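To keep things clear, I will list the structure first and then write my remarks on it.
So that the names make sense, note that chain A is the first sequence line, chain B the second, and so on, each numbered from 1. Worth saying up front: this structure is predicted, and the values here are computed from it rather than measured.
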Amino acid sequence: MRLSQYLMPTLKENPADAEIASHQLMMRSGMIRKIAAGIYTYMPLGLRSVRKVEQIVREEMDRAGALELLMPMVIPAELWQESGRWEQYGKELLRIRDRKDTEFCLGPTHEEVITDVVRGTVKSYRQLPLNLYQIQGKFRDEIRPRFGLMRGREFIMKDAYSFDLDSAAADSAYDKMYQAYQRIFRRCGLDFRAVEADTGNIGGSSSHEFMVLAESGEDAIVSCNGCEYAANVEKAEVRRSALDRPGPDGPMEKVATPGKKSVAEVAAFLGVGLAQLVKTLLLETDQGDRVAVLLRGDHELNEIKLCRYLRCQHVQLAADDVVQQLTGAPVGFAGPVGLPCRILADLDVKNMADFIVGANEVDAHYCHVDLDRDVAVSSFADLRQAQAGDGCPRCAGTLEAWRGIEVGHVFKLGTKYSKALGATVLNAEGREEPLVMGCYGIGIGRTVAAAIEQNHDENGIIFPMPIAPFQVLVLELNPKDDAVREAGDSLYRTLQDQGVEVLLDDRDERPGSKFKDADLVGIPIRVTIGGRSLKEGVVEVQLRCDGETQQVAVEQAADWLVQRVRQALEAC
RNA sequence: CGGGAUGUAGCGCAGUCUGGUAGCGCACCUGCUUCGGGAGCAGGGGGCCGGAGGUUCAAAUCCUCUCAUCCCGACCA
């Protein structure tokens with residue numbers, strides 16, 4: 001492709017609404033353009049990268065035996081009503097009506113549609129196993145779209161669905177996808193971890209997320225330094241030490257803590273560590289139940305664990321007036337002593353002795369509180385969030401904390417959708433069985449963004465070869481110089497003939513702008529053709545990843561480059 | 001959904017407090033000079049100042065409503 005005939009609208013300045021590197025760079029390099037909040041046009045350059053990722057995904061899905069199809073984006077409401085998710089899914093589901101006032105939604109995921117397809121076409125266990133996938137635009141009306149392609153409302157996703165006769169077969173389908181995902185993200189040149197994850201509102205029994213490690217990641221994950229254990233903090237367990245709890249130092253004592261509300265304030269005021277406090281969180285469930293949760297002062301509540309324990313959909317912190325009513329004190333002084341509601345405690349509270357809690361009275365806390373003597377805990381459970389330094393639940397190792405970008409997610413769905421929608425097959429005995437399903441997603445655009453997040457410097461993107469929009473950039477320093485133009489054009493054509501994806505910067509621009517654009521756009525190999533070096537019979541090759549420059553004889557340049565591209569692709 | 005902020009040329013911004021008919025940088029077009037890391041000079045094009053209503057002789061500027069965009073929060077008492 002000749003840049004003089006291409007559309008690559010680069011920007012010198014960062015757009016005001018781009019916060020993180022990948023978003024800024026994708027905007028500046030002209031890969032994407034925003035049309036509305038969380039909705040983007042993929043410009044020619046951006047689309048090429050997207051297509052690269054799609055192609056890798058496609059190859060690995062096909063290799064794993066999955067079949068590609070394409071489902072509609074607009075889905076009739078009745079299908080979602082049948083699964084029960086029309087009511088459950090909430091505002092993220094964009095609902096629309098056609099001219100006859102029939103209700104539809106824009107598909108945020110396609111369990112219903114695929115299950116409908118399969119129930120109508122698969123009748124016998126002999127048609128199994130089956131794994132169907134598509135690469136398609138999805139729409140989720142996110143609360144807060146942000147970070148460009150990272151959390152858009154419209155986005156490109158690969159979603160696959162497996163169907164099996166029993167759970168053993170489904171497990172093996174899941175393993176196949178897990179392996180395929182490892183290959184996919186390795187091939188994309190990404191540094192990632194597969195972590196155990198919560199299943200969220202897709203439902204199902206177990207799942208793994210594939211997380212690209214990056215500071216800007218929206219998810220917190222932990223991994224063990226001693227074994228393979230890795231999990232999203234939403235799900236992560238921690239090893240609990242079984243200490244013998246010492247008795248209290250003395251009787252419970254009320255102390256004045258004027259205006260000290262937060263754990264940090266109280267601890268600082270009393271001159272003790274956070275771990276000597278127990279915080280009391282008052283929460284309300286979606287069923288209107290009220291519970292108190294006790295946590296060690298330096299620990300944090302994991303709402304997902306709490307919801308699972310309480311078998312509810314959602315919990316939230318009690319409103320100020322509810323706190324006032326339950327504790328008789330304003331927010332900031334709640335404590336478990338004499339609290340008139342159900343009290344749950346995290347397992348680590350069990351090992352605490354002689355701690356400090358709110359006194360259910362304004363500007364006061366209790367010291368020397370003893371769990372058995374002073375507090376009526378109704379039950380203990382794993383309710384807190386894992387954090388760096390916690391013990392690994394599987395071995396003697398220690399957990400480390402990371403930020404991650406979720407680029408892929410695999411779920412075991414079980415029979416949730418097949419039962420709801422009546423997707424059954426006859427087994428070998430002629431009996432009707434619900435299909436056991438799995439579903440497997442990959443955010444395509446997000447994978448491109450994550451790759452940029454992980455591969456850039458202050459000058460721009462540093463594309464990994466497999467997902468780079470072009471493999472080689474041939475830069476004609478001065479295309480008005482006949483020798484330069486002829487050498488550049490000739491190298492360009494030769495490379496194209498050899499199957500190299502090459503972009504020719506034949507624009508009549510000053511060298512400075514061309515170099516800046518080259519760095520910004522981040523094509524892995526840059527070949528500079530200048531009048532001076534050409535007289536010496538060489539061109540200059542620079543790798544974007546390390547900035548190293550070398551001279552290559554003009555007549556050998558094409559072969560040399562073909563070699564380098566091939567090497568870079570095989571390295572992944 | 002709560003809090004905060006911002007909408008002025010393709011992009012980044014000033015002008016708004018104190019009302020007087022719109023400006024800067026980049027980008028774009030023309031010409032000349034330049035040409036190995038975002039050139040210089042000269043000339044030029046481009047704006048219903050987010051939208052609607054109001055106040056006023058006069059509104060980008062003041063008032064009301066609305067729409068959009070961004071940030072923070074929606075978890076630690």
Side-chain angles (χ1 to χ4, degrees), chain A residues 7 9-20 23-24 27-28 30 33-39 90-91 143-148 220 233-234 257 259-267 274 277-284 292-307 314-320 322-324 326-327 329-336 339 346 357-360 362 365 383-385 387 459-460 475-481 484 507-520 526 528-534 539-540 542 547 549:
Chain A
L7 184 62
T10 58
L11 304 170
K12 270 191 197 176
E13 292 173 284
N14 277 324
D17 56 8
E19 288 275 305
I20 63 171
H23 187 195
Q24 293 174 342
M27 297 288 289
R28 282 189 53 204
R33 284 184 74 87
K34 189 174 77 171
I35 181 97
I39 303 177
K91 289 190 178 169
I143 300 175
R144 187 140 95 88
R146 59 183 140 182
F147 302 151
V233 293
E234 291 178 348
T257 50
K260 308 301 175 191
K261 296 181 170 188
S262 71
V263 167
E265 285 168 354
V266 174
L274 294 179
L277 273 72
V278 166
K279 53 186 170 191
T280 306
L281 308 184
L282 298 170
L283 300 115
E284 291 181 285
V293 173
L294 306 185
L295 294 167
R296 205 171 80 186
D298 57 335
H299 289 163
E300 309 219 326
L301 175 65
N302 183 324
E303 284 189 13
I304 290 169
K305 288 179 179 178
L306 179 62
C307 285
H314 187 70
V315 293
Q316 61 181 37
L317 285 178
D320 291 6
V322 176
V323 172
Q324 178 78 44
L326 271 173
T327 67
V331 167
F333 303 97
L339 195 63
D346 178 65
V357 299
N360 295 330
V362 68
H365 282 73
L383 298 175
R384 77 168 173 94
Q385 197 120 46
Q387 51 197 37
N459 295 315
L475 192 156
E476 292 175 354
L477 266 183
N478 182 5
K480 283 181 175 166
D481 177 332
V484 168
R507 293 176 302 175
D508 181 21
E509 292 289 337
R510 298 176 58 82
S513 331
K514 295 181 150 200
F515 286 132
K516 287 289 181 192
D517 275 349
D519 288 344
L520 176 60
R526 186 185 88 197
T528 308
I529 304 198
R532 238 173 282 159
S533 51
L534 210 52
V539 296
E540 192 178 284
Q542 189 175 73
T549 304

Please work out if A:Ile143 contacts a base, only the sugar-phosphate, or nothing of the nucleic acid, heavy-atom cut-off 4.0 Å.
-> base
Could you tell me which nucleotide pairs with B:rC17 by Watson-Crick or G-U wobble geometry, both distances under 3.5 Å, or answer none if nothing does?
-> none
pair_partner(B:rC11), Watson-Crick or wobble, both distances < 3.5 Å, evaluates to B:rG25
What interatomic distance, in whole Å, is found between C1' of B:rA74 and the corresponding atom of B:rC28?
-> 45 Å
Provide the distance between the two P atoms, one in B:rC29 and one in B:rC72, to the nearest whole Å.
-> 38 Å
Nearest heavy-atom pair of A:Leu477 and A:Pro511: which atoms, and what distance?
-> CD2-CB, 3.6 Å
Report which part of the nucleic acid A:Arg507 touches: base, sugar-phosphate, or nothing (heavy-atom distance under 4.0 Å, all strands).
-> nothing
Is B:rC75 paired to anything, Watson-Crick or G-U wobble with both distances less than 3.5 Å, and if yes, which nucleotide?
-> none
State whether the side chain of A:Lys514 and the backbone N or O of A:Asn478 hold a donor-acceptor pair below 3.5 Å, judged by distance alone.
-> no
What interatomic distance, in whole Å, is found between P of B:rU66 and the corresponding atom of B:rG12?
-> 27 Å
Span that lies between the C1' atom of B:rU6 and that of B:rU33, in whole angstrom | 43 Å
C1' atom, B:rG47 versus B:rA5: distance in rounded Å?
-> 24 Å
Across all strands, who's sitting opposite B:rC49 as a Watson-Crick or G-U wobble pair, both distances under 3.5 Å?
-> none
For A:Val266 and for A:Gly531, locate the closest nucleotide of RNA chain B by heavy-atom distance; then report the residue assigned to the nucleotide nearer the 5' terminus.
-> A:Gly531
Describe the nucleic acid contact of A:Ala318 in one word from base, sugar-phosphate, nothing, applying a heavy-atom distance below 4.0 Å.
-> base
So, are A:Asp508 and A:Lys480 salt-bridged, with charged N and O less than 4.0 Å apart?
-> yes
Using modelled atom types only, decide if a donor and an acceptor are shared between the side chain of A:Gln387 and the backbone of A:Asp298 within a distance under 3.5 Å.
-> yes
Take atom P in B:rU16 and the same atom in B:rA77, then report the distance between them in whole Å.
-> 44 Å
What is the nucleic acid contact for A:Lys12, judged by heavy atoms within less than 4.0 Å: base, sugar-phosphate only, or nothing?
-> base
With both distances kept under 3.5 Å, what pairs with B:rU69, Watson-Crick or G-U wobble?
-> B:rA5
Identify the 5'-most and 3'-most nucleotides of RNA chain B with at least one atom closer than 4.0 Å to a non-hydrogen atom of chain A.
-> B:rC1 to B:rA77
Using the closest heavy atom to pick a nucleotide of RNA chain B for each, name whichever of A:Ala37 or A:Ser513 lands nearer the 5' end.
-> A:Ser513
With side chains defined as the heavy atoms from C-beta onward, is the minimum distance between A:Leu339 and A:Leu282 less than 4.5 Å?
-> yes
Go through the structure and list residues passing side-chain contact (heavy atoms from CB on, under 4.5 Å) with A:Thr10, not counting sequence neighbours.
-> A:Met8, A:Asp517, A:Leu520, A:Val521
If you look at every strand shown and take non-hydrogen atoms under 4.0 Å, does A:Glu540 touch a base, only sugar-phosphate, or nothing?
-> base
With both distances kept under 3.5 Å, what pairs with B:rC32, Watson-Crick or G-U wobble?
-> B:rG40
With rounding to whole Å, what would you report as the distance between B:rG50 and B:rA9 at their C1' atoms?
-> 14 Å
Look at all strands and tell whether A:Val263 reaches a base, only sugar-phosphate, or nothing, counting heavy atoms closer than 4.0 Å.
-> sugar-phosphate
Which is true for A:Asp17 with a 4.0 Å heavy-atom rule: it touches a base, it touches only sugar-phosphate, or it touches nothing?
-> sugar-phosphate
Between A:Gly259 and A:Glu265, which heavy-atom pair has the shortest distance, and what is it?
-> O-OE1, 3.8 Å
Touch class at under 4.0 angstrom, heavy-atom based, for A:Lys514 against every strand present | nothing
Closest contact, heavy atoms only, A:Leu274 versus A:Ala264 | CD2-CA, 3.9 Å
What does A:Asn302 touch in the nucleic acid at a heavy-atom separation under 4.0 angstrom: a base, only the sugar-phosphate, or nothing?
-> nothing
Pick base, sugar-phosphate or nothing for A:Arg296, based on heavy-atom distances below 4.0 Å to the nucleic acid.
-> nothing
A:Val233 backbone acceptor or donor facing A:Asn302 side chain under 3.5 Å | yes
Expressed as a whole number of Å, how far does the C1' atom of B:rC1 sit from that of B:rA59?
-> 35 Å
Base, sugar-phosphate alone, or nothing: which one does A:Ser533 contact when heavy atoms must sit under 4.0 Å apart?
-> base
